[in-house]
Amino acid sequence: MLVLLLAIALGVTLGLLTSVSVPVELLTYLGVAVLAAMDSSLGGIRAALEQTFHDRAFAFGFLTNTLMAAFIVFIGERIGVRELYLAAVVAFGMRIFDNLSQVRRLLFQRWRWE
Amino acid sequence: MNNRIYRPTLVAVAVVLGFLVAVAFNTTSKFVISRPQRVSDLVSVVRDMEQQQTALQGRYSDLRDRMDVLEREAAEDSGVRESFSKELERVRLAAGLTAVAGPGVEVLLGDGRDVDPDVDPNDYLIHDTDITAVVNALIVGGAEAVEVNGERIVATTPIRCAGTTVLVNSARLGSPYTIRAIGEPERLEEAVLNDPMAALVFGPYKAQFGLEVSIADVDDVFVSAYRGSMRPRFAASIKGGDR
């Protein structure tokens with residue numbers, strides 16, 4: 001767990017140090033990407049805890065989720081339904097909490113086993 | 001068992017997640033924080049410009065006031081100058097200091113040609129008295145401008161004999177004499193022919209001595225300006241007219 005937290009901290013530090021920013025118009029894409037990354041991370045932790053983790057499946061899952069989310073935002077802007085990105089946000093949000101609850105349960109199981 | 005969680009891809013995604021969060025933070029902080037700053041900047045800019053505007057409006061009205069004053073002064077100046085120059089022009093015209101043109105007559109006085117040796121040669125000549133008679137007659141006839149061979153007759157013009165020539169102003173003139181006068185042509189001609197002295201020249205003398213004299217109406221007579229000096233040394237004008 002600690003390694004993952006350190007990895008997140010590393011990413012934040014990198015981002016803050018380079019002070020990379022995106023145009024305001026792309027903020028929606030960024031938010032959706034953040035959600036996708038959170039969802040993938042929690043899903044990965046859960047898979048790892050369930051002993052079903054596959055590097056390739058995980059990487060592809062992350063990529064396809066992110067791309068699909070970005071595509072939904074893009075399409076939403078193009079067809080005049082800017083709120084379409086909420087679909088991605090809601091889906092990722094539900095999955096995040098779902099994964100979080102599973103991770104929590106699995107972690108509790110692990111710690112009780114030890 | 002413990003190490004199972006530390007999958008490289010998972011770690012990589014975690015780094016990406018952190019990075020994305022940081023980027024989002026950068027973007028929103030710039031976006032959100034910069035807004036009030038910009039607003040206060042704009043407010044101060046607006047205030048500055050309003051002050052500038054007020055100052056400029058003050059200067060504008062000052063300058064307009066000054067312009068009004070100057071325009072009024074200029075109008076007064078030009079009014080005064082105009083009336084002065086008009087008056088000056090009138091005086092110059094009356095004094096004969098300007099060349100003038102208008103309807104009038106042209107009187108030609110030339111010496112006689114067929115000279116008889118038995119007769120006094122003076123009888124064949126045009127004399128200063130003849131010229132004076134004609135000029136006087138023209139002035140009686142209302143001539144406004146008179147010249148003799150280009151010499152303008154003014155208030156101080158003498159016409160006198162100087163040997164075989166006639167002195168008008170300070171110019172020596174010889175026969176033939178051309179006297180030009182501006183006025184009503186008929187009146188001028190009548191005045192010349194009714195003058196006793198001039199009538200002699202145009203009548204008996206012309207017939208007897210073959211003087212080349214004539215008088216003709218001219219639509220547009222040109223009379224030159226007086227060219228001499230006019231600087232009174234003794235006369236001083238008295239303000240208010242009569243004593």
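Here is how names work: the chains are called A, B, and so on, in the same order as the sequence lines, proteins then strands, and each is numbered from 1.
Heavy-atom distances place no part of Leu5(A) under 4.5 Å from chain B, backbone and side chain included.
Around atom CZ of Arg172(B), no more than 12 heavy atoms belonging to other residues, nucleotides or ligands sit under 6.0 Å away. Residue Tyr29(A) qualifies as enclosed at atom OH: its count of foreign heavy atoms under 6.0 Å is above 12. Surrounding CG of Asp68(B) are more than 12 heavy atoms belonging to other residues, nucleotides or ligands, all under 6.0 Å away.
If you run side chain to side chain contact (heavy atoms under 4.5 Å, CB included) between Phe19(B) and each of Ile8(A), Thr13(A), Thr18(A), only Thr18(A) comes through. Just one residue in the list Leu6(A), Val3(A), Leu10(A) forms a side chain to side chain contact (heavy atoms under 4.5 Å, CB included) with Val11(B), and that residue is Val3(A). The residue from Leu4(A), Asp39(A), Val34(A) that alone fulfils the side chain to side chain contact (heavy atoms under 4.5 Å, CB included) condition with Leu17(B) is Val34(A). Exactly one residue among Asn26(B), Leu20(B), Val21(B) makes a side chain to side chain contact (heavy atoms under 4.5 Å, CB included) with Leu30(A). That residue is Leu20(B).
For chain B, the option among Leu14(A), Leu16(A), Leu26(A), Leu17(A) with the highest count of heavy-atom pairs below 4.5 Å is Leu16(A). Looking only at heavy-atom pairs under 4.5 Å with chain B, the residue among Ala59(A), Ser40(A), Ser19(A) that has the most is Ser19(A).
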Open item on the list: Quick one, Val16(B) with Phe62(A), criterion side-chain contact (heavy atoms from CB on, under 4.5 Å). Give me CA distance, side-chain angles, the key distance, then yes/no.
Closed with: CA-CA 11 Å; Val16(B) 169; Phe62(A) 174 63; 4.0 Å; yes
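Minimum interatomic distance between Gly11(A) and Ala22(B) (heavy atoms only, all atoms of both residues): O-CB, 4.3 Å. Summarising the geometry of Leu10(B) relative to Ser41(A), their closest heavy-atom pair is CD1-O, 3.6 Å, with the distance given to 0.1 Å.
Within the model, atoms OG1 of Thr27(B) and CG of Leu27(A) stand 6.0 Å from one another, a figure rounded to the nearest 0.5 Å.
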